[in-house]
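Given the structure is predicted, the values throughout are model-derived calculations rather than measurements.
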Amino acid sequence: MTFVLVKLLVIKRNRARKWGEVLFFEDFNPTSPFIVTHYDSFIKVDSWYHSPEEVVPSIWLKGYQVLYDPNNIVSKVIKESLYEIYKRSPDEVEFWRGKLLAFINETTVLS
C-alpha cells in the first residue's frame, strides 16, 4: 500500500472522528471512495469522497437534501437527478429473476 493511499485513509478516518465517538470503521480499503463509520450513538455514516467531475445525476440521488454545498456543485446535480429515469432491460429482468429463484431454492427448507 502506498504512502498516499494510507494518508487518504487516515484523513477520511480523522474527519469522521470529528463527528462523534467512533466505535469502528466498517471499510478498511484506502482506495475506496467511501468510508463507513459506526458511532457509539448507534448512528452509521457513509461518507463518500469524489472529485466534482465524478458527481453526476443519478436515480440514486433522487430525494436527497443537501445541507452544505458552498459551490453549488452537489445541489445542481441533485436537482438534475429528479429527471433521471431507470429503465430495465430484458437482460436485467432475466438476471434478477435467476437471482430470486436461486435465493428461493437456497433458503427453502425441505420437509
Side-chain angles (χ1 to χ4, degrees):
M1 191 177 319
T2 67
F3 174 75
V4 173
L5 293 178
V6 172
K7 187 171 182 173
L8 286 173
L9 182 59
V10 169
I11 290 169
K12 290 178 196 178
R13 288 181 174 189
N14 286 343
R15 181 175 290 132
R17 284 187 177 97
K18 293 178 184 179
W19 303 331
E21 189 63 36
V22 174
L23 288 177
F24 63 94
F25 297 100
E26 192 174 321
D27 185 18
F28 293 98
N29 184 350
T31 62
S32 175
F34 67 90
I35 185 168
V36 180
T37 310
H38 292 260
Y39 295 92
D40 65 349
S41 59
F42 296 104
I43 298 292
K44 176 180 123 176
V45 175
D46 296 6
S47 304
W48 292 82
Y49 295 85
H50 293 284
S51 65
E53 314 69 62
E54 293 176 312
V55 182
V56 296
S58 165
I59 61 165
W60 303 110
L61 295 176
K62 286 184 176 188
Y64 274 63
Q65 179 184 9
V66 178
L67 300 178
Y68 182 74
D69 185 16
N71 297 317
N72 202 33
I73 295 170
V74 177
S75 298
K76 181 181 176 204
V77 172
I78 297 294
K79 287 177 187 170
E80 291 172 358
S81 293
L82 290 172
Y83 303 103
E84 291 292 311
I85 297 172
Y86 173 69
K87 295 179 183 173
R88 294 173 301 283
S89 72
D91 288 341
E92 285 178 292
V93 173
E94 182 68 22
F95 172 80
W96 288 109
R97 182 186 68 87
K99 287 287 188 186
L100 177 62
L101 292 173
F103 175 77
I104 292 169
N105 184 54
E106 293 165 1
T107 58
T108 302
V109 178
L110 298 175
S111 354

(request) Working to the nearest 0.5 Å, report the span between NZ of K87 and CD of E92. (result) 12.5 Å
(request) Work out which heavy atom in I35 is nearest to a heavy atom in F25; give both atom names and the distance. (result) CD1-CD2, 3.7 Å
Atom pairs and distances, donor-acceptor, side-chain atoms in residues 66-74, under 3.5 Å, two or more places apart:
residue	atom	partner	partner atom	Å
D69	OD1	N72	N	3.3
D69	OD1	I73	N	3.0
D69	OD1	V74	N	3.4
D69	OD2	I73	N	3.1
D69	OD2	V74	N	2.8
D69	OD2	S75	N	2.6
D69	OD2	S75	OG	3.0

(request) Indicate yes or no: at least one non-hydrogen side-chain atom of Y64 is less than 4.5 angstrom from one of I78. (result) yes
(message) Could you check whether atom NZ of K76 has more than 12 heavy atoms from other residues, nucleotides or ligands sitting under 6.0 Å from it?
(response) no
(message) Looking at W60, is its backbone amide N or carbonyl O close enough to the side chain of Y86 to form a donor-acceptor pair, meaning the two atoms are under 3.5 Å apart?
(response) no
(request) Mind listing the closest non-hydrogen atom pair of W19 and S47 along with its distance? (result) CZ3-OG, 3.3 Å
(message) Restricting to ring-ring contact (aromatic ring centres under 6.0 Å, His included), what partner residues turn up for F95, sequence neighbours left out?
(response) none
(request) Find out if a path of hydrophobic residues (ILVMFWY) with successive side-chain heavy-atom gaps under 4.5 Å connects V36 to W48. (result) yes
(message) So for atom OH, which belongs to Y83, do other residues, nucleotides or ligands contribute more than 12 heavy atoms lying within a distance under 6.0 Å?
(response) no
(message) Once rounded to the nearest 0.5 Å, what's the spacing between atom NZ of K12 and atom OG1 of T37?
(response) 10.5 Å
(message) Applying side-chain contact (heavy atoms from CB on, under 4.5 Å), can you list everything that pairs with P57, at least two apart in sequence or on another chain?
(response) V77, E80, S81, E84
(request) Count the heavy atoms of every other residue, nucleotide or ligand shown that sit under 6.0 Å from CZ of R15, and state whether that count exceeds 12. (result) no
(request) Could you tell me which non-hydrogen atom of H50 sits nearest to which non-hydrogen atom of P33, and how far apart they are? (result) CE1-CB, 3.7 Å
(message) Return the CZ to CG distance between F24 and D40, rounded to the nearest 0.5 Å.
(response) 12.0 Å
(message) If I take atom CG from residue N14 and atom CD1 from residue I11, how far apart are they, to the nearest 0.5 angstrom?
(response) 8.0 Å
